[in-house]
Amino acid sequence: QVQVIESGGGLVQAGGSLTLSCTASGRTVSSYAIGWFRRAPGKEREFVAALAWTGVTTFLSDSVKGRFTISKFKANNTVHLQMNGLQPQDTAVYYCAAGPVASQTDRAYDFWGQGTQVTVSS
């Protein structure tokens, strides 16, 4: 069994930055593709970013391109989601997920974290 844990959420003013981190215990994160999704109040869960297990190929949703980056730090087996230029519409619970391939579809991921709240004030 793989346990996925997110951290780094919080409250930030519009235009600010946060970094979310994702670790996968039970197996090194280097063996999995990692995806970030978010669910805003009253909305469906949506894709944010994904990183292939190689750490080379990345995908970003159009809504965060140019503001968010996803990267892997092999030294501590952690995947980071760097979020810059945050806006109130980015307010959501952010979920990290691990699976065999990087995908924009949540069904592609086998293991999910509990989520971390990101709140952006205007």
Side-chain angles (χ1 to χ4, degrees):
Q1 185 68 19
V2 174
Q3 185 177 16
V4 178
I5 301 174
E6 309 95 338
S7 62
L11 173 65
V12 65
Q13 289 186 333
S17 299
L18 281 175
T19 301
L20 303 183
S21 299
C22 175
T23 59
S25 64
R27 192 170 176 179
T28 61
V29 73
S30 61
S31 302
Y32 285 97
I34 297 294
W36 283 98
F37 292 77
R38 66 186 181 186
R39 188 192 300 272
K43 295 186 177 181
E44 294 186 354
R45 185 166 60 190
E46 66 172 354
F47 169 77
V48 176
L51 178 72
W53 71 270
T54 59
V56 175
T57 303
T58 63
F59 304 93
L60 292 168
S61 70
D62 289 342
S63 63
V64 305
K65 279 181 182 176
R67 301 188 297 126
F68 293 12
T69 57
I70 184 171
S71 58
K72 179 191 294 187
F73 286 82
K74 295 182 179 180
N76 58 4
N77 292 328
T78 301
V79 173
H80 297 292
L81 182 67
Q82 175 67 42
M83 306 185 296
N84 299 324
L86 284 162
Q87 299 299 319
Q89 55 264 39
D90 294 315
T91 294
V93 177
Y94 283 70
Y95 299 90
C96 178
V101 294
S103 172
Q104 299 183 36
T105 303
D106 55 8
R107 292 191 300 272
Y109 298 90
D110 300 318
F111 306 101
W112 290 81
Q114 294 298 310
T116 184
Q117 177 69 47
V118 172
T119 303
V120 185
S121 62
S122 58

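Residues: numbered from 1 along the sequence shown.
With values rounded to the nearest 0.5 angstrom, Lys72 atom NZ is found 7.0 Å from Thr54 atom OG1. A distance of 7.5 Å separates CG of Leu51 from CD1 of Ile34, quoted to the nearest 0.5 Å. Arg45 contributes atom CZ, which lies 4.5 Å from atom CG of Asp106 (distance to the nearest 0.5 angstrom). The CG atom of Leu81 sits 11.0 Å away from the OG1 atom of Thr116 when rounded to the nearest 0.5 Å. The OG atom of Ser17 sits 9.5 Å away from atom CZ of Phe68, with the distance rounded to the nearest 0.5 Å. Of the inter-residue distances, the one linking Thr57 atom OG1 with Ile70 atom CD1 reads 11.5 Å to the nearest 0.5 angstrom.
Gln13 and Ser121 are not linked by any side-chain donor-acceptor pair at a separation below 3.5 angstrom, with hydrogens and angles left out of the test.
Every residue was checked against the salt bridge (Lys or Arg N to Asp or Glu O under 4.0 Å) condition with Arg39, not counting sequence neighbours, and none meets it.
Atom CD of Gln114 is surrounded by 12 or fewer heavy atoms from other residues, nucleotides or ligands within 6.0 Å.
Taking every heavy atom of both residues into account, Leu20 and Gly9 meet most closely at CD2-N, 3.5 Å. When every heavy atom of Val101 is checked against every heavy atom of Ala33, the shortest pair comes out as C-CB, 3.3 Å. Nearest heavy-atom pair across Ala92 and Gln117 is O-NE2, 3.4 Å. Of all heavy-atom pairs between Lys65 and Leu60, the closest is CE-O, 3.2 Å. Contact detail for Ala108 and Pro100: the closest heavy-atom pair is O-CD, 3.6 Å. Taking both residues in full, the closest heavy atoms of Val48 and Val64 are given as O-CG2, 3.6 Å, listed atom of the first, atom of the second, then distance.
Following chains of ILVMFWY side-chain contacts shorter than 4.5 Å, one cannot reach Trp36 starting from Phe47, and the two form parts of different hydrophobic clusters. If you chain together hydrophobic residues whose side chains sit under 4.5 Å apart, Val93 and Val120 never meet in one group. Hydrophobic clustering, with ILVMFWY side chains joined whenever heavy atoms are under 4.5 angstrom apart, keeps Leu86 apart from Tyr95.
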Note to self: I'd like to know whether Asp90 forms a side-chain contact (heavy atoms from CB on, under 4.5 Å) with Arg67, so could you lay out the CA-CA distance, the side-chain angles of the two residues, the decisive distance to 0.1 Å, and finally the verdict.
What the structure shows: CA-CA 11 Å; Asp90 294 315; Arg67 301 188 297 126; 2.7 Å; yes
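Between the side chain of Glu6 and the main chain of Cys96, a donor-acceptor pair closer than 3.5 Å is present. A donor-acceptor pair is defined here as one N or O able to donate and one able to accept, closer than 3.5 Å; such a pair exists between the side chain of Tyr109 and the backbone of Ser103.
Ring-plane geometry between Trp112 and Phe37 is classed as tilted, the angle between the planes lying from 30 to 60 degrees on a 0 to 90 degree scale.
When side chains are defined from C-beta on, Arg38 counts as touching Ser63, because their heavy atoms get closer than 4.5 Å.
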